[in-house]
Amino acid sequence: ELRNDASFPITANANYWGEPTTTELNQNQVNLSRIYDKIDNSSYGLVTIQNSRFSPMGQVIGTSPSITSQPQSQTVTAGGTASFTVAASGSTPFNFQWRKNGNSIGGATNASLVLFNVQAGNAGTYTVVVSNSVGNVSSAEAILTVNPASSPLATRAIIKNGSSFAISVAVSPVAGAGTGFIEEVLPAGFIATGISGGGSFNGSTGKILWGPFADNQSFQLTYTLQPPGGFQGNAFVSGTAYFSGATIAITGDSLVSMAVTGAPATLALTKVYGFRAVLINGEIGRTYRLEAKDNLNSGAWTPLADLNITQNPRIYLDADATEKSQRFYRAVLAQ
(Lines give C-alpha, C1' and ligand atoms only; values in the text may rest on other atoms or scores of the structure.)
Protein backbone atom coordinates (compact mmCIF):
# COMPACT_ATOMS: atom_id res chain seq x y z
CA GLU A 1 0.00 0.00 0.00
CA LEU A 2 1.42 3.37 -1.01
CA ARG A 3 0.17 6.41 0.94
CA ASN A 4 0.96 10.06 0.55
CA ASP A 5 -0.42 12.06 3.46
CA ALA A 6 0.95 15.38 2.21
CA SER A 7 -1.17 18.10 0.63
CA PHE A 8 0.87 17.90 -2.57
CA PRO A 9 1.76 15.02 -4.93
CA ILE A 10 5.04 13.15 -4.41
CA THR A 11 7.10 10.76 -6.51
CA ALA A 12 7.89 7.34 -4.99
CA ASN A 13 11.54 7.25 -5.97
CA ALA A 14 14.38 6.33 -3.59
CA ASN A 15 11.68 5.86 -0.98
CA TYR A 16 12.10 4.32 2.42
CA TRP A 17 10.13 1.30 3.66
CA GLY A 18 9.60 2.23 7.23
CA GLU A 19 7.73 1.47 10.39
CA PRO A 20 4.24 2.65 11.40
CA THR A 21 3.84 6.04 13.03
CA THR A 22 2.53 6.42 16.57
CA THR A 23 -0.96 7.29 15.32
CA GLU A 24 -1.05 4.21 13.11
CA LEU A 25 0.11 2.02 15.96
CA ASN A 26 -2.72 3.37 18.12
CA GLN A 27 -5.11 2.47 15.31
CA ASN A 28 -3.59 -1.04 15.15
CA GLN A 29 -2.16 -0.41 11.68
CA VAL A 30 1.05 -2.42 11.76
CA ASN A 31 1.58 -3.34 8.11
CA LEU A 32 5.29 -2.72 7.54
CA SER A 33 5.07 -2.90 3.73
CA ARG A 34 4.00 0.71 3.18
CA ILE A 35 5.63 3.95 2.16
CA TYR A 36 5.17 6.76 4.69
CA ASP A 37 5.93 10.43 4.90
CA LYS A 38 6.05 12.56 8.04
CA ILE A 39 2.38 13.66 7.97
CA ASP A 40 -0.30 11.35 9.36
CA ASN A 41 -3.39 12.53 7.46
CA SER A 42 -5.31 10.07 5.29
CA SER A 43 -7.34 12.80 3.55
CA TYR A 44 -4.50 13.55 1.14
CA GLY A 45 -2.56 11.36 -1.20
CA LEU A 46 -1.20 11.05 -4.70
CA VAL A 47 1.82 8.83 -5.34
CA THR A 48 3.56 8.59 -8.71
CA ILE A 49 5.71 5.45 -9.00
CA GLN A 50 8.80 5.66 -11.18
CA ASN A 51 11.28 3.02 -12.38
CA SER A 52 9.51 0.20 -10.53
CA ARG A 53 8.76 -3.36 -11.52
CA PHE A 54 6.17 -5.53 -9.79
CA SER A 55 5.21 -9.20 -9.93
CA PRO A 56 1.54 -10.18 -9.57
CA MET A 57 0.64 -11.29 -6.05
CA GLY A 58 0.78 -15.06 -5.68
CA GLN A 59 3.24 -15.52 -8.53
CA VAL A 60 5.80 -18.20 -7.62
CA ILE A 61 9.38 -17.45 -8.59
CA GLY A 62 11.81 -20.37 -8.39
CA THR A 63 11.64 -24.13 -8.20
CA SER A 64 10.50 -26.11 -5.18
CA PRO A 65 13.03 -28.65 -3.83
CA SER A 66 13.16 -32.26 -4.89
CA ILE A 67 15.36 -34.91 -3.30
CA THR A 68 18.00 -36.42 -5.55
CA SER A 69 19.72 -38.62 -2.95
CA GLN A 70 17.78 -40.15 -0.06
CA PRO A 71 19.21 -40.89 3.43
CA GLN A 72 19.98 -44.60 3.78
CA SER A 73 19.08 -47.04 6.56
CA GLN A 74 22.01 -48.46 8.51
CA THR A 75 23.00 -50.72 11.36
CA VAL A 76 25.59 -49.56 13.90
CA THR A 77 27.14 -51.21 16.93
CA ALA A 78 26.58 -49.28 20.16
CA GLY A 79 29.37 -46.76 20.60
CA GLY A 80 29.78 -46.30 16.85
CA THR A 81 28.92 -43.40 14.57
CA ALA A 82 25.84 -43.11 12.36
CA SER A 83 25.58 -40.66 9.47
CA PHE A 84 22.62 -39.67 7.28
CA THR A 85 22.94 -37.44 4.22
CA VAL A 86 20.45 -35.93 1.79
CA ALA A 87 20.94 -34.12 -1.52
CA ALA A 88 18.35 -31.94 -3.25
CA SER A 89 17.80 -29.92 -6.39
CA GLY A 90 15.77 -26.75 -6.89
CA SER A 91 16.14 -23.08 -6.08
CA THR A 92 18.73 -22.40 -3.39
CA PRO A 93 19.27 -21.70 -0.56
CA PHE A 94 17.85 -24.81 1.10
CA ASN A 95 16.79 -25.24 4.72
CA PHE A 96 17.07 -28.66 6.37
CA GLN A 97 15.29 -30.07 9.42
CA TRP A 98 16.01 -33.64 10.51
CA ARG A 99 13.39 -35.59 12.43
CA LYS A 100 13.44 -38.74 14.52
CA ASN A 101 10.20 -40.71 14.69
CA GLY A 102 8.42 -37.64 13.32
CA ASN A 103 9.81 -35.20 15.92
CA SER A 104 12.21 -32.39 14.98
CA ILE A 105 15.78 -32.77 16.28
CA GLY A 106 17.07 -29.56 17.82
CA GLY A 107 20.02 -28.08 15.94
CA ALA A 108 19.88 -30.73 13.17
CA THR A 109 19.64 -28.27 10.28
CA ASN A 110 22.39 -29.35 7.88
CA ALA A 111 22.36 -31.60 4.82
CA SER A 112 24.07 -34.29 6.93
CA LEU A 113 23.16 -35.63 10.36
CA VAL A 114 26.02 -37.29 12.26
CA LEU A 115 25.38 -39.16 15.53
CA PHE A 116 28.44 -39.98 17.63
CA ASN A 117 28.62 -42.73 20.25
CA VAL A 118 25.19 -44.05 19.33
CA GLN A 119 23.26 -46.01 21.92
CA ALA A 120 19.99 -47.97 21.96
CA GLY A 121 18.00 -44.76 22.46
CA ASN A 122 19.22 -43.44 19.10
CA ALA A 123 17.51 -46.28 17.21
CA GLY A 124 14.47 -45.20 15.21
CA THR A 125 13.20 -43.75 11.95
CA TYR A 126 14.94 -40.67 10.57
CA THR A 127 13.65 -38.28 7.90
CA VAL A 128 14.57 -34.79 6.76
CA VAL A 129 12.42 -31.94 5.45
CA VAL A 130 14.10 -29.87 2.75
CA SER A 131 12.58 -26.44 2.10
CA ASN A 132 13.25 -23.26 0.18
CA SER A 133 11.35 -20.05 -0.57
CA VAL A 134 8.96 -21.94 -2.86
CA GLY A 135 8.04 -25.12 -1.00
CA ASN A 136 9.25 -28.17 0.91
CA VAL A 137 9.62 -31.91 0.53
CA SER A 138 10.13 -34.78 3.00
CA SER A 139 12.66 -37.53 2.44
CA ALA A 140 12.08 -41.25 2.53
CA GLU A 141 12.46 -42.93 5.92
CA ALA A 142 15.89 -44.17 6.98
CA ILE A 143 15.93 -46.68 9.84
CA LEU A 144 18.80 -46.73 12.33
CA THR A 145 19.34 -50.08 14.04
CA VAL A 146 21.71 -50.17 17.02
CA ASN A 147 23.25 -53.51 17.96
CA PRO A 148 24.62 -53.92 21.50
CA ALA A 149 28.39 -53.91 21.87
CA SER A 150 29.87 -57.15 23.22
CA SER A 151 32.50 -55.42 25.36
CA PRO A 152 34.37 -52.12 25.06
CA LEU A 153 37.50 -52.53 22.95
CA ALA A 154 38.82 -49.09 23.93
CA THR A 155 37.55 -46.81 26.71
CA ARG A 156 38.54 -43.19 27.37
CA ALA A 157 38.77 -41.45 30.76
CA ILE A 158 39.16 -37.65 31.10
CA ILE A 159 40.31 -35.82 34.25
CA LYS A 160 40.45 -32.03 34.36
CA ASN A 161 43.81 -30.81 35.67
CA GLY A 162 43.79 -27.03 36.05
CA SER A 163 43.83 -25.51 32.58
CA SER A 164 44.43 -28.84 30.80
CA PHE A 165 42.99 -32.37 30.73
CA ALA A 166 44.69 -35.69 31.53
CA ILE A 167 43.35 -38.32 29.13
CA SER A 168 43.87 -42.09 29.23
CA VAL A 169 42.61 -44.74 26.80
CA ALA A 170 42.41 -48.36 27.99
CA VAL A 171 42.69 -50.78 25.05
CA SER A 172 41.77 -54.47 25.45
CA PRO A 173 41.49 -56.22 22.06
CA VAL A 174 40.17 -59.76 22.44
CA ALA A 175 41.90 -62.78 20.95
CA GLY A 176 41.30 -62.95 17.23
CA ALA A 177 40.88 -59.19 16.81
CA GLY A 178 44.16 -59.07 14.89
CA THR A 179 46.66 -56.23 14.65
CA GLY A 180 45.22 -52.78 15.21
CA PHE A 181 45.68 -49.06 15.67
CA ILE A 182 44.14 -46.42 17.95
CA GLU A 183 43.31 -42.93 16.69
CA GLU A 184 42.18 -39.94 18.76
CA VAL A 185 40.69 -36.83 17.10
CA LEU A 186 41.13 -33.62 19.12
CA PRO A 187 38.77 -30.62 19.05
CA ALA A 188 39.82 -27.81 16.69
CA GLY A 189 42.63 -25.67 18.13
CA PHE A 190 43.60 -28.18 20.85
CA ILE A 191 47.04 -29.81 21.00
CA ALA A 192 48.37 -32.98 22.64
CA THR A 193 51.52 -33.24 24.75
CA GLY A 194 53.13 -36.03 26.80
CA ILE A 195 51.88 -38.74 24.45
CA SER A 196 52.70 -42.23 25.72
CA GLY A 197 53.38 -45.52 23.98
CA GLY A 198 55.08 -44.17 20.88
CA GLY A 199 52.01 -42.28 19.71
CA SER A 200 52.44 -39.40 17.29
CA PHE A 201 50.44 -36.16 17.05
CA ASN A 202 49.73 -34.52 13.70
CA GLY A 203 49.08 -30.84 14.33
CA SER A 204 47.63 -30.21 10.86
CA THR A 205 44.92 -32.89 11.24
CA GLY A 206 44.52 -32.72 15.04
CA LYS A 207 44.92 -36.51 15.36
CA ILE A 208 47.00 -38.85 17.54
CA LEU A 209 47.87 -42.30 16.19
CA TRP A 210 49.17 -45.30 18.17
CA GLY A 211 50.05 -48.79 16.95
CA PRO A 212 50.37 -51.40 15.74
CA PHE A 213 48.98 -53.37 18.71
CA ALA A 214 48.62 -57.12 19.04
CA ASP A 215 45.35 -58.70 20.17
CA ASN A 216 44.68 -60.53 23.46
CA GLN A 217 46.71 -57.93 25.38
CA SER A 218 45.94 -54.76 27.33
CA PHE A 219 47.38 -51.31 26.67
CA GLN A 220 47.12 -48.03 28.58
CA LEU A 221 47.57 -44.92 26.41
CA THR A 222 47.85 -41.45 27.94
CA TYR A 223 48.31 -37.85 26.84
CA THR A 224 47.64 -34.30 28.03
CA LEU A 225 45.07 -32.26 26.14
CA GLN A 226 45.85 -28.55 25.99
CA PRO A 227 42.99 -26.17 25.00
CA PRO A 228 43.68 -23.01 22.99
CA GLY A 229 44.23 -19.80 24.92
CA GLY A 230 41.05 -18.30 26.30
CA PHE A 231 38.97 -21.40 25.64
CA GLN A 232 35.65 -21.47 27.49
CA GLY A 233 32.67 -23.76 27.03
CA ASN A 234 32.46 -27.36 25.84
CA ALA A 235 34.37 -29.43 23.28
CA PHE A 236 34.45 -33.12 22.44
CA VAL A 237 37.18 -35.68 21.84
CA SER A 238 36.41 -38.58 19.52
CA GLY A 239 38.40 -41.66 18.66
CA THR A 240 38.39 -44.94 16.77
CA ALA A 241 39.94 -48.38 17.22
CA TYR A 242 40.91 -50.13 13.97
CA PHE A 243 41.46 -53.89 14.24
CA SER A 244 41.55 -56.25 11.23
CA GLY A 245 39.29 -54.02 9.19
CA ALA A 246 36.76 -53.43 11.98
CA THR A 247 36.07 -49.81 12.94
CA ILE A 248 34.86 -49.33 16.53
CA ALA A 249 34.34 -45.98 18.26
CA ILE A 250 36.19 -45.43 21.53
CA THR A 251 33.67 -45.33 24.37
CA GLY A 252 33.72 -43.58 27.76
CA ASP A 253 34.35 -39.90 28.41
CA SER A 254 34.37 -37.45 25.50
CA LEU A 255 33.45 -34.03 26.94
CA VAL A 256 36.05 -31.44 27.92
CA SER A 257 34.60 -28.34 29.53
CA MET A 258 35.85 -25.00 30.78
CA ALA A 259 33.06 -23.11 32.55
CA VAL A 260 32.17 -19.69 31.20
CA THR A 261 32.18 -17.18 34.05
CA GLY A 262 30.25 -13.94 34.08
CA ALA A 263 26.99 -12.34 35.05
CA PRO A 264 23.83 -14.23 34.06
CA ALA A 265 21.28 -12.40 31.94
CA THR A 266 17.81 -11.38 33.06
CA LEU A 267 14.88 -11.66 30.66
CA ALA A 268 11.58 -9.84 30.29
CA LEU A 269 8.81 -10.14 27.73
CA THR A 270 7.08 -7.37 25.81
CA LYS A 271 5.46 -6.70 22.45
CA VAL A 272 6.85 -4.66 19.56
CA TYR A 273 4.47 -3.82 16.71
CA GLY A 274 2.22 -6.68 17.80
CA PHE A 275 5.01 -9.28 17.88
CA ARG A 276 6.41 -10.96 20.97
CA ALA A 277 9.83 -9.71 21.96
CA VAL A 278 12.41 -10.66 24.59
CA LEU A 279 14.30 -7.98 26.51
CA ILE A 280 17.75 -9.19 27.54
CA ASN A 281 19.77 -7.42 30.23
CA GLY A 282 23.28 -8.79 30.51
CA GLU A 283 26.94 -7.96 30.96
CA ILE A 284 28.09 -5.38 28.41
CA GLY A 285 30.50 -6.89 25.88
CA ARG A 286 29.46 -10.50 26.55
CA THR A 287 27.55 -12.78 24.19
CA TYR A 288 24.46 -14.69 25.28
CA ARG A 289 22.76 -17.46 23.31
CA LEU A 290 18.98 -17.01 23.42
CA GLU A 291 17.12 -20.35 23.38
CA ALA A 292 13.43 -21.26 23.36
CA LYS A 293 11.10 -24.22 23.71
CA ASP A 294 7.33 -24.61 23.67
CA ASN A 295 7.03 -27.14 26.49
CA LEU A 296 9.14 -27.20 29.64
CA ASN A 297 8.37 -30.88 30.18
CA SER A 298 9.64 -32.18 26.85
CA GLY A 299 11.74 -31.33 23.83
CA ALA A 300 15.14 -29.74 23.43
CA TRP A 301 15.97 -26.06 23.78
CA THR A 302 16.22 -24.51 20.29
CA PRO A 303 18.91 -21.84 19.74
CA LEU A 304 17.40 -18.62 18.36
CA ALA A 305 20.36 -16.23 18.15
CA ASP A 306 23.75 -15.32 19.64
CA LEU A 307 23.35 -11.76 20.95
CA ASN A 308 26.26 -9.51 21.87
CA ILE A 309 25.24 -7.08 24.61
CA THR A 310 26.20 -3.59 23.48
CA GLN A 311 23.50 -1.89 25.54
CA ASN A 312 20.77 -2.86 27.98
CA PRO A 313 18.24 -4.02 27.26
CA ARG A 314 18.97 -5.91 24.01
CA ILE A 315 15.72 -6.63 22.14
CA TYR A 316 15.03 -9.86 20.23
CA LEU A 317 11.85 -9.98 18.11
CA ASP A 318 10.51 -13.54 17.99
CA ALA A 319 8.27 -13.58 14.91
CA ASP A 320 7.92 -17.39 15.15
CA ALA A 321 6.07 -17.08 18.46
CA THR A 322 3.02 -15.32 17.01
CA GLU A 323 0.94 -18.46 16.53
CA LYS A 324 2.13 -20.29 19.65
CA SER A 325 -0.01 -20.61 22.76
CA GLN A 326 3.05 -20.57 25.04
CA ARG A 327 6.79 -20.05 24.69
CA PHE A 328 9.66 -20.32 27.18
CA TYR A 329 13.05 -18.60 26.90
CA ARG A 330 16.47 -18.81 28.51
CA ALA A 331 19.79 -17.02 27.91
CA VAL A 332 23.06 -18.98 28.08
CA LEU A 333 26.32 -17.09 28.58
CA ALA A 334 28.38 -18.00 25.52
CA GLN A 335 31.51 -15.87 25.79
Side-chain angles (χ1 to χ4, degrees), residues 74 76-85 105-108 110 112-122 144 146 148-173 177 180-213 217-243 246-261 289 300 303 332-335:
Q74 54 193 282
V76 178
T77 300
T81 300
S83 178
F84 300 101
T85 301
I105 304 172
N110 296 316
S112 294
L113 172 66
V114 181
L115 305 174
F116 297 100
N117 191 23
V118 297
Q119 301 298 324
N122 295 115
L144 174 61
V146 181
S150 54
S151 60
L153 189 150
T155 304
R156 182 189 308 105
I158 300 177
I159 299 176
K160 187 174 182 297
N161 185 13
S163 60
S164 62
F165 301 88
I167 299 183
S168 60
V169 181
V171 185
S172 302
F181 296 84
I182 298 294
E183 180 183 76
E184 284 274 82
V185 182
L186 310 188
F190 285 64
I191 63 172
T193 60
I195 303 170
S196 69
S200 60
F201 173 62
N202 186 327
S204 61
T205 62
K207 296 179 179 179
I208 309 172
L209 184 66
W210 288 273
F213 298 117
Q217 299 183 43
S218 295
F219 305 90
Q220 190 74 20
L221 311 176
T222 60
Y223 64 96
T224 299
L225 183 64
Q226 302 280 359
F231 169 75
Q232 290 184 322
N234 299 325
F236 293 89
V237 181
S238 62
T240 306
Y242 302 94
F243 279 84
T247 301
I248 302 174
I250 297 174
T251 60
D253 298 337
S254 60
L255 172 68
V256 291
S257 178
M258 290 286 188
V260 180
T261 58
R289 183 174 64 254
V332 179
L333 184 61
Q335 61 179 356

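Only a predicted model underlies this, so the values are computations on that prediction, with no experimental measurement involved.
In this structure N234 satisfies the side chain to side chain donor-acceptor pair (under 3.5 Å) test together with S257, sequence neighbours excluded. For A300, the side chain to side chain contact (heavy atoms under 4.5 Å, CB included) test picks out no residue, with sequence neighbours left out. Listed by chain and residue number, nothing satisfies the ring-ring contact (aromatic ring centres under 6.0 Å, His included) test with F165 (two or more places apart in sequence, or in another chain). Scanning for side chain to side chain donor-acceptor pair (under 3.5 Å) contacts around T224 gives an empty result, with sequence neighbours left out. Shown here are the side chain to side chain donor-acceptor pair (under 3.5 Å) partners of E183, two or more places apart in sequence or in another chain: Y242. With sequence neighbours left out, N202 forms a side chain to side chain contact (heavy atoms under 4.5 Å, CB included) with S204, T205. Applying the side chain to side chain contact (heavy atoms under 4.5 Å, CB included) test to S112 and every residue at least two apart in sequence or in another chain returns T85. Residues that satisfy the side chain to side chain contact (heavy atoms under 4.5 Å, CB included) test with F231, not counting sequence neighbours, are F190, P227, P228, A235, M258.
Interatomic distance, CG of L153 versus CD1 of I248, reported as 5.0 Å (0.5 Å rounding). Residue I159 holds its CD1 atom at 6.5 Å from OG of S168, rounded to the nearest 0.5 Å. The structure places OG1 of T240 at 6.5 Å from CD1 of I250, a figure rounded to the nearest 0.5 Å.
Side-chain atoms of L115 and S83, non-hydrogen and from C-beta on, never get closer than 4.5 Å to each other. By the 4.5 Å heavy-atom criterion applied to side chains, L221 and V171 are counted as neighbours. Side-chain contact between L144 and V76 is present, with at least one heavy-atom pair separated by less than 4.5 Å. When side chains are defined from C-beta on, I191 does not count as touching L186, because their heavy atoms never get closer than 4.5 Å.
A ring-ring contact (aromatic ring centres under 6.0 Å, His included) with F213 is found for exactly one of F219, F243, F181, namely F219. Checking each of I167, I158, I208 against L225 for a side-chain contact (heavy atoms from CB on, under 4.5 Å) leaves exactly one that passes, namely I167.
The stretch residues 191-212 participates, sequence neighbours left out, in no salt bridge (Lys or Arg N to Asp or Glu O under 4.0 Å) pair at all. Sequence neighbours left out, the pairs with a member in residues 156-171 that pass salt bridge (Lys or Arg N to Asp or Glu O under 4.0 Å) are R156-E184. The list of salt bridge (Lys or Arg N to Asp or Glu O under 4.0 Å) pairs with a residue in residues 187-204, not counting sequence neighbours, is empty.
Annotation for A154 and I182: closest pair CB-CD1, 4.3 Å, computed over non-hydrogen atoms.
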Give every donor-acceptor pair under 3.5 Å between a side-chain atom in residues 194-201 and any protein atom, sequence neighbours left out.
unit_1	atom_1	unit_2	atom_2	d
S196	OG	T222	N	2.7
S196	OG	T222	O	3.2
S196	OG	T222	OG1	3.3

